[in-house]
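Below is one structure, written out as structure tokens; the observations come after it.
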4 protein chains.
Amino acid sequence: MSIDPEIRINPHSHVPPFEQVRQQIADLIALGTLRPDQRLPPVRQLAADLGLANGTVARAYQELEAAGLVTTGRAAGTRIAAALPPGSRGDILAAKAVEYVAAARRLGAGDEEIARALTTALNKPVE
Amino acid sequence: MSIDPEIRINPHSHVPPFEQVRQQIADLIALGTLRPDQRLPPVRQLAADLGLANGTVARAYQELEAAGLVTTGRAAGTRIAAALPPGSRGDILAAKAVEYVAAARRLGAGDEEIARALTTALNKPVE
Amino acid sequence: MSIDPEIRINPHSHVPPFEQVRQQIADLIALGTLRPDQRLPPVRQLAADLGLANGTVARAYQELEAAGLVTTGRAAGTRIAAALPPGSRGDILAAKAVEYVAAARRLGAGDEEIARALTTALNKPVE
Amino acid sequence: MSIDPEIRINPHSHVPPFEQVRQQIADLIALGTLRPDQRLPPVRQLAADLGLANGTVARAYQELEAAGLVTTGRAAGTRIAAALPPGSRGDILAAKAVEYVAAARRLGAGDEEIARALTTALNKPVE
DNA sequence: GTGGTCTAGACCACC
DNA sequence: GTGGTCTAGACCACT
């Protein structure tokens with residue numbers, strides 16, 4: 001089982017591709033979908049699968065390593081770090097919720113309205 | 001009362017500043033916080049307030065006008081268009097909720113978990 | 001009979017309003033619709049009719065005077081110059097034809113194609 | 001063979017340069033002179049050739065992309081879109097002819113006069 | 001004072 | 001090298 005199908009690049013987004021890749025992998029790690037010591041696909045393969053240049057994926061891996069989420073042993077490939085930085089476990093979900101609430105409040109919505117919108121969204125069919 | 005304080009630029013975001021400005025104003029309009037015929041701050045003033053170059057804000061205004069959200073008689077300043085494009089009233093909130101749900105589900109969260117995270121976020125003190 | 005209805009300003013054009021006014025009056029003069037010694041409407045009236053600022057129309061008049069197409073005697077108002085600059089009589093039409101041909105040729109069209117397009121256009125109902 | 005020589009900027013025109021560039025390229029596409037998948041010159045090169053700033057040409061390219069006439073993979077250069085928006089083949093020529101006729105009629109010219117002016121223009125030496 | 005545009009040079013992300 | 005964006009300052013047309 002590969003992580004590839006879980007990653008989707010939006011080429012029209014104003015967020016640069018390398019950042020989209022980094023983001024999504026970081027999320028998968030924090031969420032536990034990717035477990036410690038698990039191997040990431042080789043740069044070239046992931047790049048090919050996503051239709052990106054090798055350097056783009058390489059940069060995402062580099063930043064993940066700099067953040068301590070991933071380790072790169074010479075020829076050993078890239079693996080999820082055994083020891084995750086503390087507090088990055090399920091915080092992603094919380095962070096996304098906070099982000100949503102912040103955006104909604106910035107638009108003048110009240111708590112009730114925010115909750116109602118969520119309920120509606122939850123009941124929509126998955127695309 | 002000015003809209004300036006409602007707009008916040010994140011200089012660390014990978015989304016370009018002109019797009020952040022455009023976005024947030026578009027949201028404020030769709031949400032009804034900015035009412036038809038209301039005046040937008042002058043390009044130069046908003047630019048100064050946000051610490052941006054004039055051209056950057058000018059571009060945001062321009063794209064808003066191209067989208068029909070805003071009208072601009074040359075020296076008359078920029079105003080919210082009287083007639084909003086159809087279907088933009090509360091859709092913004094809904095869209096943001098859907099976005100949140102989608103992101104959460106992509107991470108493998110269930111409905112209950114998603115709702116719980118929201119409740120937690122709502123109870124957090126406003127920053 | 002006023003010239004006002006003959007003049008139309010396109011506020012969305014990239015050509016500045018003062019230039020549109022100057023153009024159209026110059027054309028009317030060269031074509032003979034406006035005859036020597038005939039009076040132009042007062043700046044303020046034309047401005048009001050066209051929905052422009054006085055200064056905008058004033059500038060158009062100024063440039064027409066600088067070109068010798070018009071004279072401005074103190075309180076006498078603005079009149080078509082008795083003596084038209086030589087060669088500006090029916091040349092306007094010719095100039096517009098040349099412009100059309102040039103544009104068409106720049107696009108790679110041949111003479112026959114150009115003539116055919118004109119014939120088609122002539123047979124179209126007047127809008 | 002490059003398209004550069006086909007594009008001419010008139011610095012005295014009141015139409016802004018970026019718009020002149022956009023226009024002319026759009027015309028060349030609609031006319032079929034520029035074929036689908038054909039490459040446009042790099043922003044910097046075209047800018048240099050035309051004596052414009054890079055940003056000016058970049059804006060023209062950008063608007064063309066927004067209009068769907070052109071595609072741009074970031075570092076892949078800019079290419080004519082494979083699928084042209086419907087109804088743009090020879091319409092450009094027709095539109096220019098209609099424009100000419102409209103301008104002439106606005107000046108009081110009759111069909112015969114209009115056709116005669118064209119014939120004269122066609123026989124003039126190419127500048 | 002208000003928006004629109006241009007320039008010149010710079011940095012970024014991408015291939 | 002390729003497009004995208006930003007800045008800083010400038011000029012223009014308009015009200």
Side-chain angles (χ1 to χ4, degrees), chain A residues 9 11 13-22 47 51-60, chain B residues 9 11 14-21 39-48 50-62 64-66 70-79, chain C residues 9 11-22 47 50-60, chain D residues 9 11 14-21 39-48 50-62 64-66 70-79:
Chain A
I9 299 299
S13 166
H14 283 127
V15 178
F18 88 90
E19 171 63 10
Q20 295 186 41
V21 174
R22 190 203 60 72
L52 298 175
N54 294 337
T56 305
V57 173
R59 176 166 176 190
Chain B
I9 298 302
H14 286 118
V15 178
F18 86 88
E19 172 64 11
Q20 295 186 40
V21 174
R39 204 159 175 265
L40 249 38
V43 167
R44 288 161 171 80
Q45 179 192 315
L46 186 54
L50 299 179
L52 297 175
N54 295 339
T56 304
V57 173
R59 179 167 174 191
Y61 277 30
Q62 225 172 317
L64 287 167
E65 203 213 359
V70 128
T71 65
T72 163
R74 292 182 150 72
T78 302
R79 295 179 175 281
Chain C
I9 299 300
H12 290 52
S13 166
H14 284 128
V15 178
F18 88 87
E19 171 62 11
Q20 295 186 41
V21 174
R22 191 202 60 71
L50 299 178
L52 298 175
N54 294 337
T56 305
V57 174
R59 178 166 174 188
Chain D
I9 297 301
H14 286 117
V15 178
F18 86 89
E19 171 63 12
Q20 294 186 41
V21 174
R39 205 159 173 262
L40 250 37
V43 168
R44 288 160 171 80
Q45 179 191 317
L46 186 54
L50 300 178
L52 298 174
N54 295 339
T56 304
V57 173
R59 178 167 175 190
Y61 276 29
Q62 226 173 315
L64 286 168
E65 203 213 0
V70 128
T71 65
T72 163
R74 294 182 148 70
T78 302
R79 294 179 175 281

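By convention in this document, chain letters (A, B, ...) are assigned in the order of the sequence lines, proteins followed by strands, and residues within each chain are numbered from 1.
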In sequence, state the C-alpha distance, the side-chain angles, and the governing distance for C:Val21 and C:Thr56, and then conclude on side chain to side chain contact (heavy atoms under 4.5 Å, CB included).
-> CA-CA 9 Å; C:Val21 174; C:Thr56 305; 5.6 Å; no
Using whole Å, report how far CG of B:Leu46 lies from P of E:dT2.
-> 12 Å
Distance test, side-chain N/O of D:Thr56 to OP1/OP2 of E:dT7, below 4.0 Å | yes
Atom pair distance, as rounded to whole Å: CZ in C:Phe18 and C1' in F:dC14 | 11 Å
Measure from CG on D:Leu50 to P on E:dT7 and round the result to the nearest Å.
-> 10 Å
Indicate, with a heavy-atom threshold strictly under 4.0 Å, whether B:Arg39 touches base, sugar-phosphate, or nothing.
-> sugar-phosphate
Rounded distance [0.5 Å steps], OG1 in D:Thr78 versus CD in D:Gln62 | 10.0 Å
5'-most by nearest nucleotide on DNA chain F - B:Leu52 or B:Ala75 = B:Leu52
Of B:Arg44 and A:Gly51, the one whose closest nucleotide on DNA chain E sits nearer the 5' end is B:Arg44
Name the pairing partner of E:dC14, where a pair is Watson-Crick or G-U wobble with both distances under 3.5 Å, or state none.
-> F:dG1
Could you give the CG-to-C1' distance, from C:Asn54 to F:dA13, as a whole number of Å?
-> 15 Å
Selected nucleotide, minimal atom distance to C:Pro17 side chain, candidates F:dT7, F:dA13, E:dG3 = F:dA13
Of the nucleotides F:dG3, E:dG4, F:dC14, which one has an atom closest to the side chain of B:Glu65?
-> E:dG4
When rounded to whole Å, the CD to P distance for the pair B:Gln62 and E:dG3 reads 12 Å
So what does D:Arg59 hit on the nucleic acid, given a heavy-atom distance under 4.0 Å: a base, only sugar-phosphate, or nothing?
-> sugar-phosphate
The nucleotide from F:dT7, E:dC15, F:dT15 with an atom nearest the side chain of B:Ala53 is F:dT7
Starting at atom OH of D:Tyr61, determine the distance to atom P of F:dT2, rounded to an integer number of angstrom.
-> 10 Å
When the distance from NE2 of A:His14 to P of F:dG4 is rounded to whole Å, what number comes out?
-> 10 Å
Hey, does the side chain of D:Thr78 come within less than 4.0 Å of F:dG3's phosphate (OP1/OP2), counting only N and O?
-> yes
From CG (D:Leu46) to CG (D:Leu52), nearest 0.5 Å | 7.5 Å
Is there a donor-acceptor pair closer than 3.5 Å between any side-chain N or O of A:Gln20 and the backbone N or O of A:Val15?
-> yes
Describe the nucleic acid contact of C:Glu19 in one word from base, sugar-phosphate, nothing, applying a heavy-atom distance below 4.0 Å.
-> nothing
Euclidean distance, B:His14 NE2 relative to A:Phe18 CZ, rounded to 0.5 Å | 4.0 Å
Whole-Å distance between F:dC14 P and C:Arg22 CZ?
-> 13 Å
